[in-house]
Amino acid sequence: MSLRPVPAPPVPEATARVARAAFRKGCLAMRIRDELGPLFEDELFARAFPRRGGPAWSPGQLAMVSVLQFAEGLTDRQAADAVRGRIDVKYALGLELDDPGFDFSVLSEFRDRLMAHGLEELVLDRLLERVSELGLLRAGGRQRTDSTHVLAQVRTLNRMEFVGETLRATLETLAVAAPGWLGQVAAPQWFERYGKRIDSFRFPKGGDARQQWALAVGEDGFALLGAVYAPGAPVWLREIEAVQVLRSAWVQQYHRDEEGVRWREGKDLPPGRLRLSSPYDTDTRYSVKRGAGWDGYKVHFTESCEPDAPHLITNVVTTDATVPDVEITEPVHHALAARGLLPGIHLVDSGYTSAALLVAAAEQDIELMGPVFADTTAQGRAGDGLGQDAFTIDWPARTVTCPRGQRSVSWSEQCKPTGTEIIRVHFAKADCDACPARAACTSAKSKWGRSLTLLTQPQQQALEQRRREQGTAEWRTAYGTRAGVEGTISQAVRVTRTRTTPYRGLHKTHLGHVLTGAGLNLHRLDAWWTETPIGTTRISRFARLGLELAA
């Protein structure tokens, strides 16, 4: 298909007449067209289409269909049917009433083109740009961020199921790609062992028998890899993705040396962030949070939350399930800066904050408003006035004074293996031994007395300031605005089925989340234009009774 950009068509007279007769009060799709006009121009997508070939369906219209599709949680087939049969959608796209639309596969091809040419963010960028032109979105206000888990479109496997299914998937692929070659190298028992889907209920009973089964799978996998990489084997077999996945999985799950094949255990396994969890989606990872485990991804939504403007999704980040929230804060700020939408106040939970991030955000004139963890030392938890905050730091003199008036005798700048710069401070053993509060202050038996670990001056001061602030009623009241982002997560899950991705792979899943963010913005703009109030938190009757009794 080739792109021949044409101006977005106006709404045909017949389509407008019938649509307004059918929707006398208007509807979301029609209001979006009336208020925003033709939102996506064909020229925006020019580099995703060749200049020669048969004409393509308008990419600007496909982008609008995709956003409406995710706004309503439709499948590709349902979205294509909506273009053919729904008057409001024809109105939004500027189509004649008898326009036949397109085959549903066009939507998948369109998404593939966006990903292939790095245009995943384009739809959300253009929507935010248009809304900013209307004065409904601006930089410098308040925004908030939160995340939720996303289940992968694959079966969750335990380790034994994973290795068995990985080998089976490789054999299935080779049975299609090179059936003659595979028939010569496959052992007779493989057809029985890997002919059906691997499920734990089919495993032999007993721990020892299962261990032997896992080792047999490991030996079979190494035998297959040996055959693939043998001098006489077709070289192109090594380039098959399933073979590459098998090779990586076997390195992660097995040892092989002169003693034979051994099953990796415990700390011998690679970290979860690197470990494959499915042969069918190599981007997905298994993670656990608050006792709940899932195989898949995480999505982070950032939204504006000014009281005098609609609350709009301004950024979407998708990661595998193992990436902690604290690693997302700076990428969110970089993305918002690129869009010209940096907030003055960024409300987040404790997972997105650290001393370093407080300082980095302040350098961009952002107040990163989120709680930090309290002093976790034994003295800090005891609450007897001997926590780290009770010590006075003289940064120019590079000394620390304890609550009893003793000064430190050692100040050493160090660096953790992670690269974090720290300062180690020690007090003299003689001073601490003679102190009546020694038992509560330190139990050190080395050549030093009490020791402190400090961050660099900007980070340490930011950390101490935040710890003081978050204990005040004023700060807690201002921070209460963050709770509203939970409603955004709820809306995303209920309206667009965000928590279960229909795609395999991080890039496809992220594009789906970007379109989800744009779709949610359509709902929020529609609610703003119709003056629909923001929903309140639902309270059960029993909880309400408790509040009444407490009052």
Side-chain angles (χ1 to χ4, degrees), residues 1 3 39-42 44-49 56-80 102 104-129 145 147-154 280-285 296-303 312-321 323 328 331-332 334-336 338-339 488-489 491-493 495-523:
M1 296 188 297
L3 176 62
L39 189 55
F40 306 109
E41 300 84 5
D42 287 352
L44 293 173
F45 308 91
R47 63 189 175 100
F49 290 82
W57 221 74
S58 165
Q61 291 179 324
L62 288 176
M64 191 69 232
V65 172
S66 298
V67 176
L68 291 172
Q69 171 189 1
F70 279 80
E72 299 185 19
L74 304 178
T75 65
D76 288 353
R77 194 181 295 273
Q78 290 170 333
F102 52 82
F104 72 94
S105 62
V106 172
L107 289 172
S108 177
E109 294 172 3
F110 176 65
R111 292 192 298 269
D112 288 342
R113 288 181 181 275
L114 293 183
M115 290 185 293
H117 293 83
L119 301 177
E120 296 95 333
E121 306 286 338
L122 181 57
V123 171
L124 182 60
D125 286 343
R126 177 57 185 139
L127 176 58
L128 294 175
E129 179 184 351
T145 299
S147 66
T148 189
H149 65 276
V150 180
L151 302 179
Q153 191 64 20
V154 292
Y280 305 110
D281 186 347
T282 56
D283 291 333
T284 187
R285 295 291 183 270
Y297 304 94
K298 288 171 70 175
V299 59
H300 304 256
F301 289 112
T302 300
E303 67 171 0
L312 301 175
I313 306 294
T314 55
N315 193 67
V316 180
V317 178
T318 308
T319 69
D320 71 67
V323 178
I328 302 304
V332 168
H334 292 326
L336 292 175
R339 291 188 169 112
T488 295
I489 300 297
Q491 184 184 33
V493 171
V495 176
T496 66
R497 298 178 293 181
T498 296
R499 201 160 276 162
T500 303
T501 176
Y503 308 117
R504 293 181 182 178
L506 180 61
H507 293 302
K508 284 187 178 181
T509 298
H510 174 62
L511 176 57
H513 289 155
V514 170
L515 293 171
T516 293
L520 291 176
N521 283 345
L522 297 191
H523 284 288

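Since the model is a prediction, treat every value here as computed from it, not as a measurement. Below, each value reflects all heavy atoms present in this structure, side chains not excepted, and no hydrogens, waters or symmetry copies. In this chain, residues are counted from 1 in sequence order.
Side-chain atoms of R47 come within 3.5 Å of backbone N or O of H117 as a donor-acceptor pair. A donor-acceptor pair under 3.5 Å links the side-chain atoms of R285 to the main chain of T282, judged by distance alone. Not a single donor-acceptor pair under 3.5 Å links the side chain of R339 to the backbone N or O of L128. Of the possible donor and acceptor atoms, none in the side chain of T302 sits under 3.5 Å from a partner among the backbone N and O of T314. Judged purely by atom type and a 3.5 angstrom limit, H149 has no side-chain atom pairing as donor or acceptor with the backbone of A321. In this structure, the side chain of R113 engages the main chain of A48 through a donor-acceptor pair within 3.5 Å.
Across all non-hydrogen atoms, the minimal contact from D42 to G60 is OD1-N, 3.0 Å. Of all heavy-atom pairs spanning V123 and A518, the tightest one is CG1-CB, 4.3 Å. Of all the heavy atoms in N315 and A335, the pair that sits closest is OD1-CB, 3.1 Å. The two residues K298 and S147 make their nearest non-hydrogen contact at CE-OG, 4.0 Å. Between V495 and A71, the shortest heavy-atom distance links the atoms CG1-O, 3.1 Å.
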With side chain to side chain contact (heavy atoms under 4.5 Å, CB included) as the test, would you mind laying out the steps for V154 and R504 before giving the verdict? CA-CA 8 Å; V154 292; R504 293 181 182 178; 4.0 Å; yes

Are F45 and L62 close enough, and set up right, to give a side chain to side chain contact (heavy atoms under 4.5 Å, CB included), and what steps lead you there? CA-CA 11 Å; F45 308 91; L62 288 176; over 6 Å; no

Test log, rule side chain to side chain contact (heavy atoms under 4.5 Å, CB included), inputs F301 and V316: CA-CA 5 Å; F301 289 112; V316 180; 3.8 Å; yes

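No hydrogens or angles considered: a donor-acceptor pair under 3.5 Å links the side chains of E121 and H510. Side-chain contact annotation: T509 with T501, donor-acceptor N/O pair under 3.5 Å present.
The distance from atom NE2 of H300 to atom OG1 of T318, rounded to the nearest 0.5 Å, is 8.0 Å. Note: T496 OG1 to L74 CG = 11.0 Å, rounded to the nearest 0.5 Å. Put simply, CG on L511 and CG on L506 are 11.5 Å apart, with the number rounded to the nearest 0.5 Å. Remark: H513 NE2 to Y297 OH distance equals 9.5 Å, nearest 0.5 Å. Taking CG of L124 as the start and CG of L520 as the end, the distance is 10.5 Å to the nearest 0.5 Å. With rounding to the nearest 0.5 angstrom, the OG1 atom of T516 is 10.0 Å from the CD1 atom of I313.
Residues in residues 66-79 take part in these salt bridge (Lys or Arg N to Asp or Glu O under 4.0 Å) pairs, two or more places apart or across chains: E72-R86, D76-R111.
Residues F110 and V65 form no side-chain contact, since every pair of their non-hydrogen atoms from C-beta on lies 4.5 Å or further apart. The side-chain heavy atoms of R499 and T148, taken from C-beta on, include a pair separated by under 4.5 Å.
Under the side-chain contact (heavy atoms from CB on, under 4.5 Å) test applied with V299, the options I489, T319, T498, V317 reduce to a single match, T498.
In this structure, F70 and Y503 have tilted ring planes: the angle between them lies in the 30° to 60° band.
A 6.0 Å sphere centred on NE2 of H507 holds no more than 12 heavy atoms belonging to other residues, nucleotides or ligands.
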